[in-house]
Chemist: 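For reference, the structure I am asking about is given below.
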Amino acid sequence: MSDGTPEQIHLTWGEDPSSSVCISWASPGEAHNPRVIVRDARTDTVVRAAERTYTDGISGQTVFTYHARLDGLEPHTLVEYRVTADNDRNRAHPFSAAVRTAPRGRTAFRWTSYGDLSTPVTGWVLSSAQSRFAVQAVERFEPLFHLLNGDLCYANLNFTAQPEVWADFGRNVQGSAAWRPWMPCPGNHEIEFGNGPLGYASYLTRYSLPGNGTPFPGLWYRFQVGSVLFISLCADDVIYQESGAFLPGPDPLVPAPCTGNAPIEPGTSIYNHGYSGGAQTRWLEETLAKAADDASLDWIVVQMHQDALSSSKYGNGSDKGIREAWLPLFDRYGVDLVLCGHDHDYERSWPVRGCNRDVGRDARSGAVVDTCQPKPVVSAEPPDGRFDTSHGTIHLILGGGGSGSPLRAYGVDAVSGRPQAKVITKRTRQGADALEEAIWSARRDTETGYGIAVFDVDPGASGGKTSITIRYYHALGAERVPTPDYELFETIVLAKNAHQKSVSRRSRP
Ligand SMILES: [Fe+2]
Ligand SMILES: [Fe+2]
């Protein structure tokens, strides 16, 4: 008999976080009668789970996952649940946990975020013991939910063990994600050999995410909590850098004979630029246009993996593809905040709007290159400590989840001594081709590459100011010795008039 014991249990929001939650898990073998039991005041309600499987195209391992959606829940209510199956080894005492649904209307709530988490079994490429403490850090701050900004586990760097790396990740994350939704976006390391033409089969099988009404379900989506609209994007679609699955060689990668798959030749890569044929950007514009007419929204927060504004020295840098495809939409519709990962460090931009043309330089020849350099609308800390993001979008790089390659060095112009960014302006595997002055860079953490951002929404009094307080905590010394201690690095506050989002957006050309 197969082993249907639930593991890697994790939650995501359904379409409406105030009334629906998805409970997802995996089991070592096929589960019989997989189900969730919701404990109500008097009765137990059984919700059958849907099975989704995939067979890893390199190892030939079949992965069994299960997804149960709870609908019709009350807002801001604690829901106790159990997860089991007929062939659950723990059937006498099944796994149990509880999740709180989102509040409805203009209410206070907290979320947390980072990207680039990896896994705690340090034998895998890019894994790190810090990833265990990073999950504990989310629990310490007790957010309503967590945003996981791509590069979840780096399974695609461990070609022959992709499902095992995912399992390691899932067991670690369960410590928080079984208690509060973790909302992911795909990063370049979710692109895997052997798992679908785009390489996302593993990611998409394991996660149950809100729909987007396009032929690309699960890769981008939106949800609303309180007065905040969250938009999760897949930047692989628009970036120029080539950073998906890649086989360096010298040997070919030979899939297990049972897969029937041909060997993968050295130099093979999966480059997903433009894969949606513009569907994602059209969806984004429609979503933002609708938000402009929605009086229940005060804030728009975007989550994506790669960076439009990063001045990391040894990381990837800024990608012009995002600047061209999406920053004009963020400007037009007044996106307040963009949360990323990809470069394994912390960087905060000034609020930016519009761009300067033809001010970059080719990294080799020095010739003029148009990097679409974002223009800061503020370039000093405001006297009252509050940024009004109705005038510009703030970008945060939060790539310090727990990967084994943290970064804390940033570009500096050798002559002027001012911040300098690498910019990728064309398809390349060889690193950024251009440089620009990082006039948009406000703060960079040079002490450690590990940290977590905590966001507290204050809806304000009716018709008054609403605010989001952002506190970034970092794990000092974690590069040398992994640590559970996260200390406050900086606090910033975004504040603006409630209800005025749509007015300010419409008044802009
Ligand atoms: Fe990463
Ligand atoms: Fe990445």
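One is the number of the first residue; the rest follow in order along the sequence. We count ligands from 1, going down the list as the structure has it; atoms in each ligand are counted the same way. Predicted, not measured: the structure shown is a model, and the values here were computed from it.
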Chemist: Which angle, to the nearest 10 degrees, do you find at the Fe ion (ligand 2) between NE2 in H305 and OD1 in N188?
Modeler: 90°
Chemist: Please work out which of the three classes, parallel, tilted or perpendicular, describes the rings of W182 and Y114, given edges at 30° and 60°.
Modeler: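 Judged by the thresholds at 30° and 60°, the geometry between Y114 and W182 is perpendicular.
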Chemist: My understanding is that only one of V335, L327, L309 makes a side-chain contact (heavy atoms from CB on, under 4.5 Å) with T393; could you say which?
Modeler: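 Result for side-chain contact (heavy atoms from CB on, under 4.5 Å) with T393: V335.
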Chemist: Only N/O/S atoms count here: what is the atom of D151 closest to the Fe ion (ligand 1) called?
Modeler: OD2
Chemist: Ring centres under 6.0 Å, that's the criterion: do W283 and F216 meet it?
Modeler: no
Chemist: Please find the N/O/S atom of D116 nearest to the Fe ion (ligand 1) and write down its name.
Modeler: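 Nearest to the Fe ion (ligand 1) within D116's N, O and S set: OD2.
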Chemist: Got a sec: is Q306 within less than 2.8 Å of the Fe ion (ligand 2) via an N/O/S atom?
Modeler: no
Chemist: Measuring centre to centre across the rings, with the benzene-like ring taken for any Trp, is Y450 within less than 6.0 Å of F133?
Modeler: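 They do not qualify: ring centres at least 6.0 Å apart.
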Chemist: For F145 together with F230, are the ring centres under 6.0 Å from each other?
Modeler: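 Yes, they do, as the ring centres are separated by less than 6.0 Å.
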Chemist: Is any side-chain N of the basic residue among R171 and E7 closer than 4.0 Å to the acidic one's carboxylate O?
Modeler: yes
Chemist: With a cut-off of 2.8 Å, does any N, O or S atom of Y154 fall short of it relative to the Fe ion (ligand 1)?
Modeler: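 Coordinating: yes.
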Chemist: If I consider every N, O or S atom in H342, which one ends up closest to the Fe ion (ligand 2)? I only need its name.
Modeler: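 Atom name of the closest N, O or S in H342: ND1.
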Chemist: So that I can check it, does any N, O or S atom in H189 come closer than 2.8 Å to the Fe ion (ligand 2)?
Modeler: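 So H189 does not count as coordinating the Fe ion (ligand 2).
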